[in-house]
Amino acid sequence: MALSTRANDVLHANATSIIWEVLADMYDPETNPDGYYSVGVAENLLMHEYLLNRMHQNLRLTSKSLTYNDGASGSKRLKAAMARFLNRRLHPATPLEPHHLILTNGVSAAVEHLSWALADKGEGILLGRPYYGTFIADISMRFGTEVVTVPFGGADPLGADCVDAYRRALTSFEQRTEKKCRALLLCHPHNPLGRCYSREVLVALMRLCQEHGMHFISDEIYALSVWGGGEFVSALSIDTKGVINADRVHVLWGMSKDFGANGLRLGALISQGNKDVRAAVDSVALYSYVSGPADHLAANVLEDDAYTDEYIRLNCEKLKEAYEYTVGFLTQNQIPYMAGANAGFFVWVDLGTPYLRRHPEAIHEDVSEVIMQRLLKNKVFLASGPLFGSETPGWFRIVFAHPQAYLDEALRRILAALQ
């Protein structure tokens, strides 16, 4: 039976994606000892027991969790709990109110909603390289929005010079296509670089968006996983007066990363100054409905200030230890990595240089693909640079938020793949 053109396009685009194959064949010491070690998926397993213990103590559901609750964009209870929690943690210039939030079944759904709401087919959303690979599908797969990737040519993607690179990319796109760039999307803290944008750069990028009539989207899903010192400045905390119209600023957050709960499927689109965006997304929120039990569990956690404060403190402590352990291994084995990370749970590593040092004959090959195949042969999975828009071949993302014995074996297999 023939599929739609768009369905066929997706099948073709995803033909080489192996992530679901890996997730279906994960290592387990008892049930699947020959499975993959995955340090390629952005999951934080370091605090699972701590979170599960809290959830199990407060698991008693009410009848409301088995209904449509307060509507498709989340319960009044959870919106109030999350707004209060984020006011405490992100220090918004204008305090969040529950109606500023549209809750979704994960932040990917929130990104897709904004792509649908802000851009017509063929119009652009700017995305700097390297980027979180799934942003491409979130932005473009179903609605035909163009992802306008931004190269930096060796300049710091989070530094002051990045503003000119975004300007060049949007100008080139608009001249080439005669279509508009409608938004600029940041991952802040950055995935895969594990760093935060400064207040100065955020303001400069907001001014660029104002100048060109674009929306500014800050995905802050790692906002509370800043473990290495330095200040995290939420876009919500910036007074937009004289910088950008408040209705152009949108922030995303969720439980997947900061609370190590990818499987809870709970995110939020925060659009304080734009009631039209909220109303439009609310009208299609049926397709990103948060389940009643997930809504209930998240509210139970976020309402407990003492618990969340201690959770975040412990989580950042464990992330810092795991990062230092990982980069210690990389340094010992002469594997270059991008220094300066202080947030998230990944390190951006150059596997191409040590591989070519040992295999100089591979200089004319697709080094990233050769290394990827060797990693998979060793039953270890990483996120590859080409899928993340890396400007240089041979770069990969290692996720270090795993128990140490698991991380040890994954790192050992990575090293073996290079030899």
Looking at [X] and [Y], does any basic side-chain N land under 4.0 Å from a carboxylate oxygen?
X    : Y    : answer
R195 : D156 : yes
R6   : D9   : no
K64  : D70  : yes
E211 : R207 : no
R77  : D295 : no
E112 : R142 : yes
R88  : D309 : yes

Under 3.5 Å side-chain donor-acceptor pair for [X] and [Y]:
X    : Y    : result
N274 : S271 : no
S288 : H113 : yes
S75  : N69  : no

Can you tell me how far apart [atom1] ([X]) and [atom2] ([Y]) are? Round to the nearest 0.5 Å.
X    : Y    : atom1 : atom2 : answer
C209 : Y166 : SG    : OH    : 9.5 Å
K180 : H212 : NZ    : NE2   : 8.0 Å
Y132 : L127 : OH    : CG    : 11.5 Å

Mind checking whether [X] and [Y] have side chains closer than 4.5 Å, heavy atoms only?
X    : Y    : answer
C162 : P157 : no
Y289 : N105 : no
N44  : S225 : no
L252 : L269 : yes
W395 : W348 : yes
E321 : Q404 : no
R89  : I312 : yes
R397 : S384 : no

Angle between ring planes, [X] versus [Y], binned at 30° and 60°: parallel, tilted or perpendicular?
X    : Y    : result
Y222 : F346 : perpendicular
H188 : Y197 : perpendicular
W116 : F143 : tilted

TODO: Have a look at L236 and tell me which of L96, N87, L86 forms a side chain to side chain contact (heavy atoms under 4.5 Å, CB included) with it.
DONE: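 It is L96, the one option of L96, N87, L86 that forms the side chain to side chain contact (heavy atoms under 4.5 Å, CB included) with L236.
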
TODO: Please say whether more than 12 non-hydrogen atoms of neighbouring residues, nucleotides or ligands are located less than 6.0 Å from CD in Q419.
DONE: yes

Open item on the list: Atom NZ of residue position K379 - does it have more than 12 heavy atoms of other residues, nucleotides or ligands inside 6.0 Å?
Closed with: yes

Open item on the list: If the condition is salt bridge (Lys or Arg N to Asp or Glu O under 4.0 Å), which residues does R248 pass it with, not counting sequence neighbours?
Closed with: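 Checked R248 against salt bridge (Lys or Arg N to Asp or Glu O under 4.0 Å); zero matches.
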
TODO: Report the residues that fulfil salt bridge (Lys or Arg N to Asp or Glu O under 4.0 Å) with D304, sequence neighbours left out, ordered by chain and then residue number.
DONE: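 Expected list: R54.
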
Provide the closest heavy-atom pair for [X] versus [Y] in the form atom of the first, atom of the second, distance.
X    : Y    : answer
S234 : E220 : OG-OE1, 2.7 Å
P403 : L46  : N-CD2, 4.1 Å
P33  : P29  : CB-O, 4.1 Å

Task: Aromatic ring proximity Y27/F381, centre distance under 6.0 Å - done: no

Task: F259/Y311 aromatic ring centres below 6.0 Å - done: yes

